[in-house]
Amino acid sequence: MSTRRKFTTVRSLLIAFTLLWTTSSAVPSQQSSTQTSPRKRTTQKSVADWWKHAVYYQIYPRSFFDTNGDGVGDLNGITAKLDYLADLGVDALWITPFYPSPQVDFGYDISDYENVDPQYGTLTEFDRLVSESHKRNIKIICDFVINHTSDQHPYFKESRASRDNPKRDWYIWRDPKPNGDPPNNWSSGFGPKAWTYDEKTKQYYYHYFYPEQPDLNWRNPQVERAMFNSVRFWFRRGVDGFRVDAIDLLFEDPRMPDNPVTNRLRRRSTTEYEQERKYNSAQPENFEVFRRLRGVAVEFGPGRVLIGETYPPKIDDLRAYYGEKDDAFQLPFNFFLMRANKLDAATFRRTVAETERVAGGRPVTYVLSNHDNPRAFDKFGDGQHNDEIAEILALMLLTLRGAPFFYYGEEIGMKTTEPERLEDVRDPVGKVYWPKFKGRDGERTPMQWTSGRNAGFSSSETTWLPVPPTAITRNVETMSKEPDSILNFYKRAIHLRRGSSALLNGDYLAIGDDPHVFAYIRRAPSQTMAVALNMSNESRTLKFSNQDLGGEGRGLRLAISNLARDARQTIDIRQVTLGPHEAAAFEVIGK
Ligand code: GLC
């Protein structure tokens with residue numbers, strides 16, 4: 001499919017606007033930068049702070065590529081696609097859990113922290129994945145789940161065996177209330193109650209997530225020791241860092257008071273009310289663990305990164321996750337852009353300003369899609385210009401200060417494809433809350449590699465989740481061949497970023513307050529770049545001032561655009577006209 005109307009309809013519109021440009025060729029033209037050169041590395045990439053501005057690519061291994069024909073992706077599947085990922089230009093892969101697991105929560109219920117689930121492969125295959133990635137200068141980030149285990153983990157099996165088992169205190173057990181009710185009103189993230197009664201020992205155990213995911217008791221130092229040793233196990237195998245799961249939930253207030261209940265219905269439910277998680281989230285003791293966990297990472301050298309999954313209610317709360325002395329998470333996840341529910345320049349500008357204020361120069365993350373949330377492609381798309389909008393979002397993530405996280409398939413515009421019938425739902429939370437919430441299957445469908453059978457994902461009869469119908473036209477093979485596809489735009493934008501000191505290391509400065517155009521400058525000592533993202537379907541004219549650009553007599557030269565522009569011309573900074581839904585970056589030239 002030609003996903004583009006651009007070079008036909010939009011191009012003619014633009015010819016009118018581009019009369020402003022004059023000739024020059026210092027920045028590679030769009031055309032020349034489409035031919036991404038072999039993977040070259042700047043020296044910055046090899047130093048210990050590679051993680052600050054790496055481009056991260058999240059892989060959900062079940063859904064990436066299946067090499068053994070069982071309908072489920074595997075580690076060898078990731079290894080097989082490393083050349084694709086290197087060509088795309090990503091620096092690091094975050095791989096969601098592949099450890100042995102009953103797969104109730106598709107790997108976030110771990111039954112052995114130091115092995116690979118046979119359906120994903122073996123430890124030897126994991127080692128090969130690490131070494132093949134490293135050969136291509138791609139780092140490996142594992143996902144670590146330290147708040148809870150599977151109920152099938154030997155620790156929990158022991159813990160539930162008897163009240164006096166040595167592992168009893170590794171989990172959170174409490175007596176029922178005198179009337180038999182759970183110890184308090186805490187609700188689970190995945191269902192109504194966070195407590196399950198265990199007949200055998202006549203106590204309740206606490207689980208923030210599914211009953212099959214009992215919470216570990218982080219007040220017991222043996223728990224910390226065991227978890228940290230498993231972290232060391234993977235560092236020793238060469239992993240470059242961890243994305244640490246559900247970090248807010250480690251400790252609970254030992255008095256276990258009821259949480260305040262709000263008058264808002266839970267987003268997923270028609271009957272349950274939202275709780276303020278006052279006593280079971282973000283407890284002060286968590287932050288001590290983060291600091292000690294960082295100590296474990298530091299044992300393995302300065303280049304290991306810890307990325308924390310946190311959903312604080314207020315953006316200001318993000319600051320604490322870096323640690324008082326910047327000795328906790330290097331990259332706390334910042335999901336505040338993802339909270340926006342429509343494409344809106346003012347919202348993005350405000351959120352980035354707040355992020356910058358809170359981070360105070362520290363590295364930040366930006367992310368719009370992941371395995372727990374609907375994909376950005378259709379969330380922000382207007383149904384008619386989704387491809388252009390996807391490019392705007394890609395260029396935004398790739399040109400803001402900090403580390404962008406992309407989710408597999410985002411680079412080909414995969415959309416959320418929810419199950420149509422309850423019996424097709426795989427994610428248990430979707431079964432609980434159907435039909436108001438259909439679970440997370442929609443954002444976890446198989447990667448679309450080709451227009452062939454099962455989108456080239458698997459040779460199996462059936463795949464663990466169905467392949468979306470869009471795969472016929474929206475797939476890597478087809479879109480690689482279309483010069484103006486989203487995929488090729490991603491490659492160009494990543495390539496631009498890699499070679500730009502301003503985009504990697506420069507300051508961030510927002511420009512103007514146009515309601516439709518999010519524009520900003522990134523300024524490093526040796527280079528300044530200006531980025532302009534037109535989030536409307538009308539052309540818009542922007543004015544930059546000499547002051548914005550750092551001095552008199554400045555001009556702009558196109559570095560990238562998702563529309564057809566003549567890259568050889570210098571642009572008058574007083575009148576920068578953007579086409580509808582244009583995403584462009586310019587290098588500032590002049591004195
Ligand atoms: C995190 C994961 C999510 C998982 C949950 C429980 O939020 O991202 O997928 O279900 O933790 O481990």
Side-chain angles (χ1 to χ4, degrees), residues 56 58-64 73 93-113 117 120 141-153 156 171-172 186-191 194 196 206-216 218 227 230 242-250 252 266-268 277 280-282 286 306-313 321 329 331-335 338-339 365 367-375 405-408 416 425-433 437-445 464-465:
Y56 293 83
Q58 180 192 350
I59 292 181
Y60 198 70
R62 288 186 85 69
S63 299
F64 197 59
L93 307 180
W94 152 29
I95 306 172
T96 61
F98 49 77
Y99 317 101
S101 160
Q103 306 292 339
V104 172
D105 192 16
F106 297 112
Y108 283 96
D109 47 324
I110 298 174
S111 54
D112 178 356
Y113 282 82
D117 193 300
Y120 297 131
I141 309 295
C142 289
D143 202 319
F144 223 57
V145 186
I146 61 175
N147 173 65
H148 49 272
T149 68
S150 160
D151 64 344
Q152 298 307 307
H153 195 294
F156 188 70
Y171 293 84
I172 297 162
W186 294 354
S187 60
S188 153
F190 286 165
T196 291
Y206 172 63
H207 50 87
Y208 182 84
F209 295 102
Y210 297 126
E212 294 86 348
Q213 295 168 297
D215 272 50
L216 285 160
W218 275 83
M227 288 295 122
S230 293
F242 287 95
R243 174 267 190 190
V244 191
D245 187 64
I247 57 171
D248 286 321
L249 303 170
L250 302 187
E252 298 75 28
R266 291 182 77 174
R267 199 164 45 94
R268 301 173 169 180
R277 303 206 181 281
N280 57 345
S281 181
N286 292 353
L306 294 179
I307 304 159
E309 188 209 22
T310 170
Y311 286 92
Y321 293 84
F329 286 97
L331 295 176
F333 256 125
N334 162 23
F335 291 120
M338 189 145 85
R339 290 187 188 182
T365 66
V367 54
L368 294 170
S369 296
N370 68 17
H371 64 298
D372 293 327
N373 292 283
R375 286 178 175 272
F405 279 72
F406 293 103
Y407 184 46
Y408 79 92
T416 318
V425 176
R426 304 296 307 271
D427 182 17
V429 73
K431 294 182 185 156
V432 175
Y433 291 114
F437 178 64
K438 297 180 176 164
R440 297 165 292 177
D441 295 348
E443 54 264 23
R444 298 173 174 181
T445 56
W464 86 278
L465 281 176

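As the structure lists them, so they are numbered: ligands from 1, and atoms in each ligand from 1. One is the number of the first residue; the rest follow in order along the sequence.
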Taking only heavy atoms of H148, which atoms of ligand 1 are found under 4.0 Å from at least one of them?
6 (C), 12 (O)
Heavy-atom pair with the smallest gap, counting every atom of P100 and D112
CD-O, 3.3 Å
For a quick test of reading the model, state the closest non-hydrogen atom pair linking I307 to F329 and the distance between them.
C-CD2, 3.7 Å
So, does F106 sit close enough to ligand 1 that a heavy atom of it is under 4.0 Å from the ligand?
no
Those atoms of ligand 1 less than 4.0 Å from some heavy atom in R444:
9 (O)
Minimum heavy-atom separation for V429 and R268, please, with both atom names.
CG2-NH1, 3.4 Å
Apply side-chain hydrogen bond (donor to acceptor under 3.5 Å, both in side chains) to the pair Y407 and N373, showing each step before the final yes or no.
CA-CA 11 Å; Y407 184 46; N373 292 283; over 6 Å; no
Starting from the C-alpha separation in whole Å, work towards a yes-or-no answer on ring-ring contact (aromatic ring centres under 6.0 Å, His included) for Y171 and F156.
CA-CA 7 Å; Y171 293 84; F156 188 70; 4.8 Å; yes
Under 4.0 Å from a heavy atom of R440: which atoms of ligand 1 are those, numbered in the order shown and with their elements?
3 (C), 4 (C), 9 (O), 10 (O)
At what distance is the nearest protein heavy atom to atom 7 (O) of ligand 1, and which residue and atom is it?
E309 OE2, 2.8 Å
Per-atom filter on ligand 1: closer than 4.0 angstrom to a heavy atom of F190 are 10 (O)
For atom 8 (O) of ligand 1, what is the closest protein heavy atom, and at what distance to 0.1 Å?
D372 OD2, 2.5 Å
Pair R426 + D441: basic N to acidic O under 4.0 Å
no
Report yes or no: is the cationic atom of R375 (NZ for Lys, CZ for Arg) under 6.0 Å from the centre of the six-membered ring of F406, at an angle within 45° of the ring normal?
no
Heavy atom to atom 11 (O) of ligand 1, shortest distance: which of T96, D109, D245 holds it?
D245
among protein heavy atoms, the one nearest atom 10 (O) of ligand 1 is D105 OD2, 2.5 Å
